[in-house]
Amino acid sequence: MNAQIDNLLTETRRFEPTPEFVAQANADETLYARAQADRLGFWADQARELISWQRPFTSVLNWENPPFAKWFEDGTLNVAYNCLDRHVEAGNGDRIALYWEGEPGDTRAISYAELTDEVKRAANVLTDLGVRAGDRVAIYLPMIPEAIVSMLAVARLGAVHSVIFGGFSADSIRARVDDAAATLIITADGGYRKGKVSPLKPAVDAALEARGDLPTQQTVRNVLVVGRGGNQIEWTEGRDHWWHERVPAASSVHEPEAFPAENPLFILYTSGTTGAPKGILHTSGGYLTQAAYTHRNVFDIHPETDVYWCTADVGWITGHTYVTYGPLANGATQVLYEGTPDSPNPGRWWELIEKYRVSVFYTAPTAIRAAMKLGRKIPKRSDLSSIRLLGSVGEPINPEAWMWYRKVIGGKTAPIVDTWWQTETGAIMISALPGVTVTKPGSAQVPLPGIEVSVLEENGTPVPPGSGGLLAITEPWPSMLRGIWGDPDRFRETYWSTFPNAYFAGDGARLDADGDVWLLGRVDDVMNVSGHRLSTAEIESALVAHPFVAESAVVGATDETTGQAVVAFVILKESQAEETADHAAVSAALKSHVSTLIGPIARPRDIFVVAELPKTRSGKIMRRLLRDLAEGREVGDTTTLADTTVMRIISADVAAR
Ligand code: 6R9
């Protein structure tokens with residue numbers, strides 16, 4: 001980490017916003033001044049200006065029982081109404097909400113009026129299928145318009161969605177559906193990925209198969225299936241329903257009911273430091289306020305003229321806040337793309353930017369590095385002159401990738417906003433404000449107006465400029481998580497026990513002499529692979545679930561393209577010696593095992609069969625030493641190991657491969 005800090009300290013390039021950009025920007029200096037003078041008043045203003053309330057709130061923040069915050073608690077609203085009907089009522093029904101592009105090249109342009117209509121029909125179907133306010137609905141869909149329609153239809157009813165990323169396995173679906181006791185699942189037969197149909201419903205069927213020991217069968221009563229891939233699927237009469245038979249036939253009249261601001265909106269599962277993913281709970285009024293405020297100011301959205309595109313899947317928080325809720329609350333026009341960036345050719349994204357004249361583009365460093373590797377010739381084939389602002393999210397963006405992004409995609413003028421936030425924070429927390437901030441390649445820079453962060457020593461004292469520490473959020477914020485589904489103790493323990501009065505984000509950070517924040521990555525056992533969070537513990541437990549494996553340790557090793565890559569060390573069972581003599585075959589089998597159990601994103605890049613694992617005297621695996629090995633470094637301090645010779649044995653095992 002020291003080398004990384006030193007490297008960043010030498011970054012001196014600075015980029016001023018152009019006068020033309022400043023002249024038209026939504027944000028200006030006064031936002032900081034206003035928030036500084038009266039933080040809660042500032043948030044109340046945002047909530048009143050950007051959101052339509054059925055009953056106006058009088059209370060801004062109730063923080064009587066920390067860490068359980070209540071924002072705008074006596075106000076009521078309907079989240080879907082805010083994202084749909086009100087734009088139609090304001091005369092913008094003909095504005096395109098979604099330019100959708102399927103991977104095979106089929107397209108749909110959906111206006112706000114059409115999207116509103118479709119959500120109302122879907123809401124009526126969900127009501128017919130028994131969904132009521134407060135019920136949980138799981139959504140397991142590809143990136144098709146029905147994914148957004150489903151989220152909004154659930155929200156419209158005051159029910160709670162739990163979107164499960166389409167790359168997750170049957171086991172992951174089962175765990176999530178069980179934890180939230182979902183009563184309905186919305187899925188598709190399949191979706192297009194890399195030129196092929198990738199099946200989805202079979203995973204839902206497998207997740208719902210009776211296992212006797214799990215309650216799934218008792219909670220899920222209906223499965224609503226979108227026809228997309230045309231692949232063969234099995235059908236359970238009475239439980240399964242085709243979207244195309246139910247939704248178009250339903251009434252498009254649906255009155256939005258108002259719900260309290262603190263009504264749960266969604267649960268989104270994310271990896272923590274221990275095995276089981278945590279169900280992060282978000283509620284309505286505060287979440288929508290910060291989603292709309294950040295989308296408007298950080299992306300400088302002018303809904304009448306901009307075409308915005310965030311490449312995230314709706315299965316992640318970035319897709320929730322910056323594909324569904326932020327853009328639609330602001331009445332923006334956006335691109336939604338089903339497939340992968342390289343299908344059918346590596347220039348697909350850039351072709352889409354040209355085709356739809358995308359002006360604001362938001363993606364992850366891993367995608368930028370992958371494009372960089374392929375060379376600038378590919379994006380140069382497309383006309384990217386419509387781009388006027390670029391965003392980055394998911395992991396630290398290294399200055400070289402930042403510079404390439406600006407030059408090659410941003411035509412040397414587009415400001416870049418490097419946005420730091422988390423599933424738990426719900427919306428962007430640290431970012432440059434375009435038109436205001438002088439940007440620095442590699443730094444997320446400054447907390448947004450209304451947000452208070454500190455970089456702290458372990459004992460809670462703020463670090464002096466120029467040093468590293470732990471990133472903490474020191475005041476509650478509107479889109480903060482309200483808890484972990486069903487586990488208030490874990491909520492307190494995970495986020496609020498490191499520092500007495502602050503939220504601990506799990507990230508290391510450094511403050512430079514100007515007070516700008518540089519993110520240094522996770523300080524816990526969470527890995528970041530292509531901007532996706534994976535827990536070492538979750539993959540370790542998948543590995544030991546395999547009959548070959550006695551013990552395992554997983555680390556995130558630096559990877560040129562994906563940021564980090566999963567590297568696993570396994571000790572095999574003596575009893576399986578005969579079956580496991582061929583270590584290359586064992587490694588291949590274990591990789592596909594993890595992929596099946598959790599999903600392809602968790603598939604280890606390398607698996608090393610070793611005879612020992614490095615442990616402290618208290619039995620804790622010292623992943624730091626394994627990371628040294630995985631990254632080809634000299635192994636660090638081993639003095640706290642129970643057996644100091646063990647690293648030599650492991651190094652020999654790894655070298656023998
Ligand atoms: C939005 C999202 C959160 C973790 C977070 C941090 C890393 C996200 C970052 C960043 C440096 C940025 N992270 N954005 N690190 N600079 N701009 O990614 O949410 O999937 O919950 O991940 O991602 O480590 O703690 P989530």
Side-chain angles (χ1 to χ4, degrees), residues 1 4 8 163 165 167-168 266-273 277-282 287 290-291 294-295 298 310-323 325-326 362-369 390-399 401-402 405 416-432 439-448 451 453 455 468 470-473 479-481 484 494-495 498 503-510 516-535 556 562-564 601-602:
M1 195 173 269
Q4 198 182 351
L8 294 176
V163 181
F165 173 59
F168 278 130
F266 65 85
I267 305 167
L268 184 59
Y269 288 82
T270 189
S271 296
T273 51
K278 302 172 285 205
I280 302 300
L281 174 67
H282 283 286
Y287 171 79
Q290 197 171 329
T294 52
H295 182 256
V298 175
C310 165
T311 64
D313 191 285
V314 291
W316 308 112
I317 190 67
T318 307
H320 280 62
T321 309
Y322 298 107
V323 175
Y325 292 108
Y362 189 32
T363 194
T366 182
I368 300 164
R369 287 193 300 267
L390 296 169
S392 173
V393 62
E395 55 178 314
I397 176 166
N398 42 309
W402 196 102
Y405 196 28
I416 294 181
V417 288
D418 174 7
T419 62
W420 178 89
W421 60 294
Q422 310 177 293
T423 304
E424 293 87 343
T425 68
I428 298 170
M429 303 292 281
I430 303 178
S431 169
T439 55
K440 292 180 184 175
S443 170
Q445 300 198 287
V446 276
L448 290 180
I451 301 297
V453 309
V455 180
L470 303 174
L471 184 66
I473 306 171
S479 65
M480 66 195 278
L481 75 166
I484 294 176
T494 309
Y495 303 106
T498 308
Y503 167 92
F504 172 49
D507 282 22
R510 187 179 70 80
D516 281 336
V517 180
W518 297 72
L519 275 308
L520 301 174
R522 304 286 306 192
V523 297
D524 54 16
D525 292 332
V526 175
M527 294 170 291
N528 190 325
V529 178
S530 296
H532 300 318
R533 271 164 74 170
L534 295 171
S535 113
T562 57
Q564 283 188 315
I601 48 162

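For the single chain, residues carry numbers from 1 onward in sequence order. Excluded from the calculations below are hydrogen atoms, water molecules and symmetry mates; all remaining heavy atoms, backbone and side chain alike, are included. For ligands, and for the atoms within them, numbers begin at 1 and follow the listed sequence.
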Please name the pair of heavy atoms, one in [X] and one in [Y], separated by the smallest distance, quoted to 0.1 Å.
X	Y	result
A401	I368	O-CG2, 3.8 Å
A509	V517	CB-CG1, 4.0 Å
T366	T562	OG1-CA, 3.5 Å

Pairwise distance [atom1]([X]) to [atom2]([Y]) - rounded to 0.5 angstrom:
X	Y	atom1	atom2	value
W518	L471	CH2	CG	15.0 Å
L520	L470	CG	CG	10.0 Å
L281	Y287	CG	OH	12.0 Å
Q290	I428	CD	CD1	9.0 Å

Does W421 come within less than 4.0 angstrom of ligand 1, counting non-hydrogen atoms of the residue?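 It does; at least one heavy atom falls under 4.0 Å.
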Decide whether the shortest distance between a heavy atom of G506 and an atom of ligand 1 is less than 4.0 Å.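 The answer is no, since G506 has no heavy atom less than 4.0 Å from ligand 1.
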Nearest protein heavy atom to [atom], by residue and atom, and its distance?
atom	answer
atom 7 (C) of ligand 1	G394 O, 3.3 Å
atom 12 (C) of ligand 1	E395 O, 3.5 Å
atom 6 (C) of ligand 1	D507 OD2, 2.8 Å
atom 11 (C) of ligand 1	P396 N, 3.1 Å

Quick one: which ligand 1 atoms are inside 4.0 Å of a heavy atom on [X]?
X	result
N528	7 (C), 23 (O)
T318	1 (C)
T419	9 (C), 12 (C), 14 (N), 17 (N)

Judging by distance only, is a nitrogen or oxygen of [X] under 3.5 angstrom from one on ligand 1?
X	value
R533	yes
T423	yes
T270	no

Ring-plane angle category for Y322 and Y362, please: parallel below 30°, perpendicular beyond 60°, tilted otherwise.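 It falls in the perpendicular class, over 60°.
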Over 60° means perpendicular and under 30° means parallel, so classify the ring planes of W316 and F168, tilted if in between.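 The rings of F168 and W316 stand perpendicular, inter-plane angle above 60°.
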Taking the minimum heavy-atom distance to atom 17 (N) of ligand 1, which of T321, V526, D418, L268 ranks first?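 Nearest heavy atom to atom 17 (N) of ligand 1 lies in D418.
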